There are 2 protein chains.
Amino acid sequence: MAAGEGDDSATTGSTLGYALLSLLTRGPATGYQLTQQVKAPLGHFWTARHSQIYPELARLSAAGWVDSVEQAGPGPRAKKTYAVTPSGLAALRAWLVIPPTAQPRSEITLKAYAATSADPAAMAALYTDLAERSTRLLAEFAQDAERMRAAGQDDPGHPRFGNYAVLMMGIESQRAVHRWACWLAACLRTGRPAAYGEPAGD
Amino acid sequence: MAAGEGDDSATTGSTLGYALLSLLTRGPATGYQLTQQVKAPLGHFWTARHSQIYPELARLSAAGWVDSVEQAGPGPRAKKTYAVTPSGLAALRAWLVIPPTAQPRSEITLKAYAATSADPAAMAALYTDLAERSTRLLAEFAQDAERMRAAGQDDPGHPRFGNYAVLMMGIESQRAVHRWACWLAACLRTGRPAAYGEPAGD
DNA sequence: AGTTGACATGTCAGAATTTACATAGTGAGG
DNA sequence: CCTCACTATGTAAATTCTGACATGTCAACT
């Protein structure tokens, strides 16, 4: 109400809001482009549909954390390009240094918890598939990482260092998944305790 | 409509419902006990509050997947102990072998994506703390695993093998987190690309 | 000429999840 | 005696997220 000396303190922001601000620090983008960008590499650790992104952009805009310019586009509505404002960047910086509390949730691990209730062969197949999937992803990620290193993105000074950091987490966690899935599949297949550690090259 | 030859096909069930069924395969439990049990070891990969568990138990009961018996308890309401029914077990078994599609989401990795937008020292501290936390967890998990192996829980034939399998995933993912957090903290601290792989014992 | 896919933005209903409200007995410690 | 923590079960409001509905252009392929 008082003269616009800044924004009020009420703007707390959701995690998705900060995720979008993070994406927008790479440069201005439309809602559509943001929808594409949450697929890779961020999509391995955070996802959102366009039906969630468009309303969230409106909220960020109302809070003064992003600005938008409209251009006449092909569709029935004008295309809106969003950019982070200084106050949006400040909000993002404040959020970043708060230690996160939310636990990750993994459905495949939940299924392992009840593994003995199901047919061992079918469950073994599930984890064999998972191991193969992680092998494919790992090969893909290794290529991406090589490309990024060649572009100097492994330097914390590079503006897209964050992409490299997220990719590294992807590699680490797929390695973890691979080892675990191989071990679990071996256990379920043989019906006896299996040893850990790279059981064959796959 | 026809005589009760079983349940209708409409009962699809939520992930939480199957998580509760999985817990109940360990034996009958009250809603309160289930609330405690989703803290460890399952809590590292799936969480739920009691306010979500109680209504879900009512839904499972309505679907005929669990049975409950009431006992007069201390509080204002009777204590209800739930147990899985044969049709509940069948539903669980069917769900288990479906390959999960949901991606895990990790807030700490999301923050890494925007790491370069924040103060490097503060971000480095965040990941140093994370590395320390994973070290503590790893020590704790190693003890748990030792105890379980002594009890024969690493045998897929053991009724609580699932607990061991989930713990193994916990160990694998904390190892991954530890390596990644150490690397990232080193990058941010020095401001230059860091090498991977156990930088000091920590 | 018709179909498919990419571009582009939005709404709405419902499910899943969190936070807070609400109640009440029992045992331990100050 | 009073407070605190644990046992024990629910409801209500708000938020977050998914899946479906809705609209319309443009380029490539058939």
Side-chain angles (χ1 to χ4, degrees), chain A residues 10-20 28-39 42-43 45-63 66 68-82 95 100-107 110, chain B residues 10-20 28-39 42-43 45-63 66 68-82 95 100-107 110:
Chain A
T11 43
T12 311
S14 64
T15 305
L16 175 62
Y18 294 111
L20 296 180
T30 67
Y32 186 83
Q33 288 173 320
L34 292 171
T35 306
Q36 307 308 115
Q37 285 170 34
V38 284
K39 284 175 186 165
L42 210 53
F45 298 101
W46 204 269
T47 55
R49 310 295 164 99
H50 78 274
S51 58
Q52 209 187 344
I53 289 173
Y54 286 113
E56 186 62 37
L57 282 171
R59 274 191 290 273
L60 291 174
S61 190
V66 297
S68 63
V69 287
E70 299 198 16
Q71 300 134 282
R77 294 183 192 84
K79 183 166 93 166
K80 280 184 218 162
T81 302
Y82 292 87
W95 173 77
T101 52
Q103 295 286 18
R105 52 182 51 190
S106 160
E107 203 171 311
L110 178 56
Chain B
T11 44
T12 311
S14 64
T15 305
L16 175 61
Y18 294 112
L20 296 180
T30 66
Y32 185 83
Q33 288 174 321
L34 292 171
T35 305
Q36 307 310 114
Q37 284 170 37
V38 283
K39 284 176 187 165
L42 209 53
F45 298 102
W46 203 270
T47 55
R49 311 296 166 100
H50 78 274
S51 59
Q52 207 187 345
I53 289 173
Y54 286 113
E56 185 62 35
L57 282 171
R59 274 191 290 274
L60 291 174
S61 189
V66 297
S68 62
V69 287
E70 299 198 17
Q71 298 135 279
R77 295 182 192 82
K79 186 167 92 167
K80 281 186 218 162
T81 302
Y82 292 88
W95 173 75
T101 52
Q103 296 284 17
R105 56 181 49 190
S106 160
E107 204 172 307
L110 176 57

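Each chain gets a letter, A, B and so on, in the order its sequence line appears, and its residues count up from 1. Just so you know, these numbers come straight off a predicted model, no measurement behind them.
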*Asks:* Between P on D:dC26 and CZ on A:R77, what's the gap in Å once rounded to a whole number?
*Replies:* 16 Å

*Asks:* Got a donor-acceptor contact below 3.5 angstrom from the B:S61 side chain to the B:L57 backbone?
*Replies:* no

*Asks:* B:G31 or A:S14: which one's nearest nucleotide on DNA chain D is closer to the 5' end?
*Replies:*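 Looking at the nearest nucleotide for each, B:G31 comes out on the 5' side.
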
*Asks:* Backbone N or O of B:Q33 within a donor-acceptor pair of the B:Q36 side chain at under 3.5 Å?
*Replies:*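 No, B:Q36 side chain to B:Q33 backbone: no donor-acceptor pair under 3.5 Å.
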
*Asks:* Can you check the B:L34 CG to D:dG10 P distance for me, whole Å?
*Replies:*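 Atom-to-atom, B:L34 to D:dG10, this comes out as 12 Å.
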
*Asks:* Look at all strands and tell whether B:T15 reaches a base, only sugar-phosphate, or nothing, counting heavy atoms closer than 4.0 Å.
*Replies:*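 The answer is nothing, as B:T15 stays clear of every strand by at least 4.0 Å.
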
*Asks:* Is the phosphate of C:dC7 approached by A:Y32 (side-chain N or O, under 4.0 Å from OP1 or OP2)?
*Replies:*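 Answer is yes, contact under 4.0 Å.
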
*Asks:* Whole angstroms only, please: what is the CD-C1' distance between A:Q71 and D:dT25?
*Replies:*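 Computing the A:Q71:CD to D:dT25:C1' distance gives 16 Å.
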
*Asks:* Restricting to non-hydrogen atoms, name the atom on B:T47 and the atom on A:R105 that form the minimum distance, rounded to 0.1 Å.
*Replies:*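 Looking at all heavy atoms of both residues, the shortest contact is O-NH2, 2.8 Å.
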
*Asks:* Just the rounded figure in Å: distance from P of D:dA8 to CD of B:Q37.
*Replies:*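 Taking atom P of D:dA8 as the reference, CD of B:Q37 is at 12 Å.
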
*Asks:* Of the non-hydrogen atoms in A:V38 and A:A48, which two are nearest, and what is the gap between them?
*Replies:*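 Here A:V38 and A:A48 meet closest at CG2-O, 3.7 Å.
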
*Asks:* Test of understanding: with salt bridge (Lys or Arg N to Asp or Glu O under 4.0 Å), list the residues that count as partners of B:R59, not counting sequence neighbours.
*Replies:* B:E56

*Asks:* Think B:K79 has a side-chain N or O under 4.0 angstrom from the OP1 or OP2 of C:dG25?
*Replies:* no

*Asks:* Please report, rounded to the nearest Å, how far the P atom of C:dT9 is from the CG atom of A:L20.
*Replies:* 13 Å

*Asks:* Scan residues 49-56 of chain A against DNA chain D and write down, sorted by residue number, each residue with any heavy atom closer than 4.0 Å; if none is found, say none.
*Replies:*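 Correct list: A:R49, A:S51, A:Q52.
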
*Asks:* Report which part of the nucleic acid A:T35 touches: base, sugar-phosphate, or nothing (heavy-atom distance under 4.0 Å, all strands).
*Replies:*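 Here A:T35 touches no strand at all.
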
*Asks:* If every non-hydrogen atom of B:I53 is compared with every non-hydrogen atom of B:G31, which pair is closest and at what distance?
*Replies:* CG2-O, 4.2 Å

*Asks:* What is the minimum heavy-atom distance between A:Y32 and A:Y54, and which atoms define it?
*Replies:*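 Heavy atoms only, the tightest pair is N-OH, 3.3 Å.
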
*Asks:* Under 4.0 Å between any heavy atoms, over every strand shown, what does B:R59 touch: base, sugar-phosphate, or nothing? Just pick one.
*Replies:* nothing

*Asks:* Mind calculating the distance between CH2 (A:W46) and P (D:dT18) to the nearest angstrom?
*Replies:* 10 Å

*Asks:* How long is the line joining CZ of A:R105 and P of D:dT18, in whole Å?
*Replies:*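 Answer to the nearest Å: 12 Å.
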
*Asks:* What is the distance, to the nearest angstrom, from the CD atom on B:Q36 to the P atom on D:dC6?
*Replies:* 10 Å

